[in-house]
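Proteins get letters first, then strands, A, B, ... in listed order; numbering begins at 1 in each. Values reported hereafter were calculated over all heavy atoms of this structure, with side chains retained and with hydrogens, waters and symmetry mates removed.
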There are 2 protein chains.
Amino acid sequence: MSLEQEIKQTRPFKSNYEKALVNIMFTNNWIHFKQNKYLKPFDISIQQYNVLRILNGQKDQPITINEIIDRMLDKMSNASRLVDKLYAKGYVSREQKVGNRRACDVTITPKGISFLEDVTKSIKGIEKDMNSLSEVEFDELNRLLDKIRK
Amino acid sequence: MSLEQEIKQTRPFKSNYEKALVNIMFTNNWIHFKQNKYLKPFDISIQQYNVLRILNGQKDQPITINEIIDRMLDKMSNASRLVDKLYAKGYVSREQKVGNRRACDVTITPKGISFLEDVTKSIKGIEKDMNSLSEVEFDELNRLLDKIRK
DNA sequence: TTGTAATATATGTAAATACATATTTCGGAT
DNA sequence: ATCCGAAATATGTATTTACATATATTACAA
């Protein structure tokens, strides 16, 4: 369905620029809603899921809170409290970094890895809801989004 | 800058699909951050701003809470409390609908209209930060985003 | 060494979000 | 008329977000 129909907008957008702005936000909410739906049974928030994925990408290589923030999509979030939550669930370990008592080393635990595998398996469902673009189109979409941020 | 660099991702994405998912979310956060920056001086949240724009689009035609939800980007939000906030600031009026005492008519006030004009003038600044795509490219981006949601 | 700024993280908090649930009113069916 | 389910909005509340600020540690200059 076209964006205009989805948000019941009667008059057309002033420009493609303006529509694109709204379109990105609307599509993001659309994705967010789906992700939430798939994550809900696992009792984990999207932000926590993303942090866990970052840690998983590091394999057994520890990473500091600051490095997590660097890699996060939403830089504003409170990484240390997100790590708290994951720690409470036993999905990550956290210990003082040797040689720098300010920083701390965060690593995903085996429990975290296996949990993430389960979630990832389930969340593949989104892919089925989003298979309308060809590989070439996805590529073009990525090019445009990269370019929009200059 | 490429997405991979922005989020310091060392290994490449598994697919263009997966990158697109992350790219939409990242770009949305990027826009969100900018919008917040421009809205901050006006002491209004993005959601409130969007509701005000919906009401403005109606001109003097009143609209119910349910119709606002229909037109919102984020359907999950609490439209009635957003309207509360705008009402408290004097930007909207709200009265019981004639013929249906459940529903209520919400309209933007002259104060709301003039406030929105000020905000819109300021928020044009984002446009300057986002002028890297041509009209044709914005059009193509819109086509792809519309299509991704089937 | 001592003071000062920078770094890394943690904490406090007001507001917003995501839901669940309640309240009021309306539209039929019986 | 009255009962019942649906509709429209309001309210409750746990969690998350967006910041500001605090704490602790380090680096470095004088």
Side-chain angles (χ1 to χ4, degrees), chain A residues 25 28-52 62-89 92-107, chain B residues 25 28-52 62-89 92-107:
Chain A
M25 294 188 283
N28 180 70
N29 283 328
W30 184 83
I31 292 170
H32 188 260
F33 186 81
K34 284 186 184 294
Q35 285 187 321
N36 246 349
K37 196 183 74 184
Y38 283 100
L39 290 181
K40 185 109 203 185
F42 294 96
D43 193 33
I44 191 175
S45 75
I46 292 172
Q47 298 268 31
Q48 287 174 45
Y49 171 66
N50 285 336
V51 169
L52 212 48
I63 189 178
T64 68
I65 299 276
N66 254 351
E67 288 166 331
I68 291 174
I69 293 172
D70 268 355
R71 284 168 175 74
M72 284 177 71
L73 300 183
D74 184 352
K75 312 292 188 193
M76 282 301 102
S77 279
N78 214 316
S80 90
R81 262 185 287 223
L82 285 173
V83 169
D84 271 358
K85 296 275 170 63
L86 294 171
Y87 180 79
K89 290 169 182 166
V92 308
S93 70
R94 177 174 50 178
E95 44 190 285
Q96 219 167 53
K97 205 172 167 65
V98 289
N100 187 344
R101 277 187 297 176
R102 277 174 306 184
C104 61
D105 275 340
V106 183
T107 324
Chain B
M25 293 188 283
N28 180 69
N29 283 328
W30 184 84
I31 292 170
H32 189 261
F33 185 81
K34 283 187 184 296
Q35 285 188 322
N36 246 349
K37 196 184 74 183
Y38 283 100
L39 291 181
K40 184 107 204 188
F42 294 96
D43 194 32
I44 192 176
S45 77
I46 292 172
Q47 299 267 32
Q48 287 174 45
Y49 171 66
N50 284 336
V51 169
L52 213 47
I63 188 178
T64 67
I65 299 276
N66 254 352
E67 288 166 329
I68 292 174
I69 293 171
D70 267 355
R71 285 168 174 72
M72 283 177 72
L73 301 182
D74 184 351
K75 313 290 188 194
M76 283 300 102
S77 277
N78 214 315
S80 90
R81 262 186 287 223
L82 285 174
V83 169
D84 271 358
K85 296 275 172 64
L86 294 172
Y87 181 78
K89 289 170 182 165
V92 308
S93 70
R94 176 174 50 178
E95 45 191 284
Q96 220 166 52
K97 207 172 165 66
V98 289
N100 187 342
R101 275 188 297 176
R102 278 174 304 184
C104 62
D105 275 339
V106 183
T107 324

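Atom-to-atom, CG of A:Asn50 to P of D:dT17 comes out at 10 Å; the value is rounded to the nearest Å. Here C:dA16 presents its C1' atom at 10 Å from NE2 of B:His32, a figure rounded to the nearest Å. A:Gln96 places its CD atom 15 Å from the C1' atom of C:dT7, with the value rounded to the nearest Å. Across the protein-nucleic acid pair, A:Gln48 atom CD and D:dT17 atom C1' stand 13 Å apart, rounded to whole Å. The interatomic distance linking A:Met72 (CE) with D:dT16 (C1') rounds to 12 Å, in whole Å. Summarising the geometry, the separation between CZ on B:Phe33 and P on D:dT17 is reported as 16 Å, rounded to the nearest angstrom.
Every residue two or more places apart in sequence or in another chain was checked for a salt bridge (Lys or Arg N to Asp or Glu O under 4.0 Å) with B:Lys85, and none qualifies. Scored by the side-chain hydrogen bond (donor to acceptor under 3.5 Å, both in side chains) test, A:Arg94 finds A:Asp84 as partners (sequence neighbours excluded). Residues passing the side chain to side chain contact (heavy atoms under 4.5 Å, CB included) test with A:Lys37: none are found, sequence neighbours excluded. Shown here are the side chain to side chain contact (heavy atoms under 4.5 Å, CB included) partners of A:Lys97, two or more places apart in sequence or in another chain: A:Thr64, A:Ala103, A:Asp105. Under the rule for a side chain to side chain contact (heavy atoms under 4.5 Å, CB included), the partners of B:Gln96 that lie at least two apart in sequence or sit in another chain are B:Arg101.
Distance check: A:His32 NE2 to B:Asn28 CG gives 9.5 Å after rounding to the nearest 0.5 Å. Note: B:Asn36 CG to B:Ile46 CD1 = 4.0 Å, rounded to the nearest 0.5 Å. Summarising the geometry, atom CG belonging to B:Asp43 is positioned 8.0 Å from atom CD belonging to B:Gln48; distances are rounded to the nearest 0.5 Å. Within the model, atoms CG of B:Leu86 and OG of B:Ser45 stand 8.0 Å from one another, a figure rounded to the nearest 0.5 Å.
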Scoring nucleotides 5-11 of chain D by protein non-hydrogen atoms under 4.0 Å (B base, S sugar-phosphate only, - none) yields -BBSSBB

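At least one side-chain nitrogen or oxygen of A:Gln47 sits closer than 4.0 Å to the OP1 or OP2 atom of D:dT17. Phosphate proximity of C:dA16 to B:Lys85: present, with a side-chain N or O under 4.0 Å from OP1 or OP2. Between D:dA24 and A:Arg101, no contact under 4.0 Å exists linking OP1 or OP2 to a side-chain N or O.
Residue-to-nucleotide proximity on DNA chain D shows that, of A:Gly99 and A:Ser45, the 5′-proximal contact is made by A:Ser45.
Counting non-hydrogen atoms of other residues, nucleotides and ligands closer than 6.0 Å to CZ of B:Phe42 gives a total above 12.
Put simply, the side chain of B:Lys89 never gets that close to the backbone of B:Ile44: no donor and acceptor are under 3.5 Å apart.
Listed by residue number, B:Asn36, B:Lys40 are the residues of residues 35-42 of chain B with a heavy-atom contact under 4.0 Å to DNA chain D.
Where the helix from C:dT1-D:dA30 to C:dT30-D:dA1 starts and where it ends, the local axes point in directions that differ by 10°; five pairs per end, rounded to 10°.
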